[in-house]
Amino acid sequence: MATRGDNMKRLERIVARLPEAERVDIEAWGDEPTFRVRGKNFVFTDQTANGITVKLPKDEAAAVIATDSTAKPTGYGLGRHGWVSVDVGDDTDADRWQQIEEWVRTSYTLVAPKSLAKTVIAEDETR
């Protein structure tokens with residue numbers, strides 16, 4: 001069984017493979033972690049990463065919400081722009097983590113400058 005910090009460690013390993021990505025904890029939000037590229041958020045999460053919020057293309061976001069019972073449009077009006085909040089859970093299997101990594105990488109490519117996004121897209125095409 002996973003321990004409390006395992007999800008965050010896995011999420012940080014996923015993000016570490018993305019160019020110029022960094023973790024920024026937002027003091028005004030109770031030190032809630034975000035992951036950013038050049039000052040733009042591409043993942044919002046909580047301290048234990050039991051849930052994540054990512055940006056997806058609108059059609060993909062709609063499909064995720066329709067097929068994943070743990071997914072919902074993100075609040076504060078972000079959902080209409082493709083932001084989706086998804087529960088990660090405490091005992092997430094390898095298949096689910098693969099899906100989470102794909103969502104994180106997609107979110108990154110939608111938010112990052114084009115030159116950085118192209119690098120990640122090229123990597124994904126060779127996977």
Side-chain angles (χ1 to χ4, degrees):
M1 176 164 283
T3 61
R4 284 187 76 80
D6 287 350
N7 284 355
M8 183 57 75
K9 288 176 189 170
R10 278 189 96 154
L11 182 57
E12 287 175 335
R13 282 194 302 269
I14 291 167
V15 170
R17 294 191 291 271
L18 299 169
E20 298 185 33
E22 64 179 340
R23 177 178 167 166
V24 177
D25 293 356
I26 308 298
E27 186 177 343
W29 300 345
D31 290 326
E32 290 290 302
T34 64
F35 292 92
R36 299 178 177 188
V37 56
R38 294 196 185 169
K40 293 184 175 184
N41 294 319
F42 65 95
V43 175
F44 297 90
T45 189
D46 55 43
Q47 290 292 335
T48 57
N50 277 331
I52 63 166
T53 297
V54 292
K55 183 176 177 77
L56 300 174
K58 289 181 185 178
D59 58 338
E60 184 176 351
V64 169
I65 291 163
T67 60
D68 187 325
S69 64
T70 72
K72 64 182 185 250
T74 303
Y76 307 106
L78 293 173
R80 70 175 174 263
H81 299 289
W83 286 91
V84 177
S85 298
V86 182
D87 289 339
V88 176
D90 289 327
D91 55 353
T92 303
D93 64 21
D95 288 340
R96 179 67 164 181
W97 273 108
Q98 182 177 354
Q99 182 65 66
I100 290 166
E101 181 168 6
E102 289 174 17
W103 290 333
V104 168
R105 293 175 71 84
T106 298
S107 187
Y108 176 93
T109 64
L110 292 173
V111 172
K114 287 181 181 170
S115 60
L116 297 176
K118 284 180 183 179
T119 301
V120 173
I121 292 167
E123 287 174 6
D124 289 347
E125 289 174 351
T126 62
R127 286 179 152 195

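Under the 4.5 Å side-chain contact rule for hydrophobic residues, V86 and W97 share a cluster. By the criterion of side-chain heavy atoms lying less than 4.5 angstrom apart, applied directly or through intervening Ile, Leu, Val, Met, Phe, Trp or Tyr residues, V54 is not grouped with I121; the two fall into different hydrophobic clusters. By the rule that hydrophobic residues join a cluster once side-chain heavy atoms approach within less than 4.5 Å of another member, L110 and L78 end up as members of separate clusters. Taken together through direct or relayed side-chain contacts under 4.5 Å among Ile, Leu, Val, Met, Phe, Trp and Tyr, V104 and L116 form part of one hydrophobic cluster.
Between the side chain of T45 and the main chain of P33, no donor-acceptor pair closer than 3.5 Å is present. Within the 3.5 Å criterion, the main-chain N or O of A63 finds a donor-acceptor partner in the side chain of T67. Side chain of N41 to backbone of V43: no donor-acceptor contact under 3.5 angstrom is found. A donor-acceptor contact shorter than 3.5 Å is absent between the side chain of E22 and the backbone of G39. In this structure, T106 contributes its side chain and L56 its backbone to no donor-acceptor pair below 3.5 Å. D68 places a side-chain N or O within 3.5 Å of a backbone atom of T70 that can act as its donor or acceptor partner.
Note: M8 CE to I52 CD1 = 10.5 Å, rounded to the nearest 0.5 Å. The structure places NZ of K40 at 12.0 Å from OG of S107, a figure rounded to the nearest 0.5 Å. For the atom pair NE2 of H81 and OG1 of T74, the computed distance is 11.0 Å after rounding to the nearest 0.5 Å.
Annotation for G82 and A61: closest pair O-CB, 3.7 Å, computed over non-hydrogen atoms. Residues L11 and A49 share a closest heavy-atom pair of CD2-CB, 4.1 Å. The two residues P19 and V120 have their closest heavy-atom pair at CD-CG2, 3.6 Å. Of all heavy-atom pairs spanning E32 and D46, the tightest one is OE1-CA, 3.3 Å. Between R36 and T34, the closest heavy-atom pair is NE-OG1, 3.3 Å. Between K55 and V111, the shortest heavy-atom contact is CD-CG2, 4.1 Å.
Between E123 and R17 there is no salt bridge, since no side-chain N of the basic residue sits under 4.0 Å from a carboxylate O of the acidic one. Salt bridge annotation for R96-D91: absent, with no cationic side-chain nitrogen under 4.0 angstrom from a carboxylate oxygen.
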Checklist line | Worked check of side chain to side chain contact (heavy atoms under 4.5 Å, CB included) between D6 and R10 | finding: CA-CA 6 Å; D6 287 350; R10 278 189 96 154; 5.7 Å; no

Checklist line | Evaluation steps, side chain to side chain contact (heavy atoms under 4.5 Å, CB included), between V84 and K72 | finding: CA-CA 6 Å; V84 177; K72 64 182 185 250; over 6 Å; no

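Counting only heavy atoms from C-beta outward, the side chains of E27 and D31 approach each other to under 4.5 Å. Considering only heavy atoms from C-beta on, V15 stays 4.5 Å or farther from R23 through its side chain.
Ring geometry for Y108 versus F42: interplanar angle over 60°, hence perpendicular rather than tilted (30 to 60°).
Taking the six-membered ring where the residue is Trp, the centroids of W83 and Y76 are separated by 6.0 Å or more.
Only one option out of T48, T92, N50 pairs with N7 in a side-chain hydrogen bond (donor to acceptor under 3.5 Å, both in side chains); it is N50.
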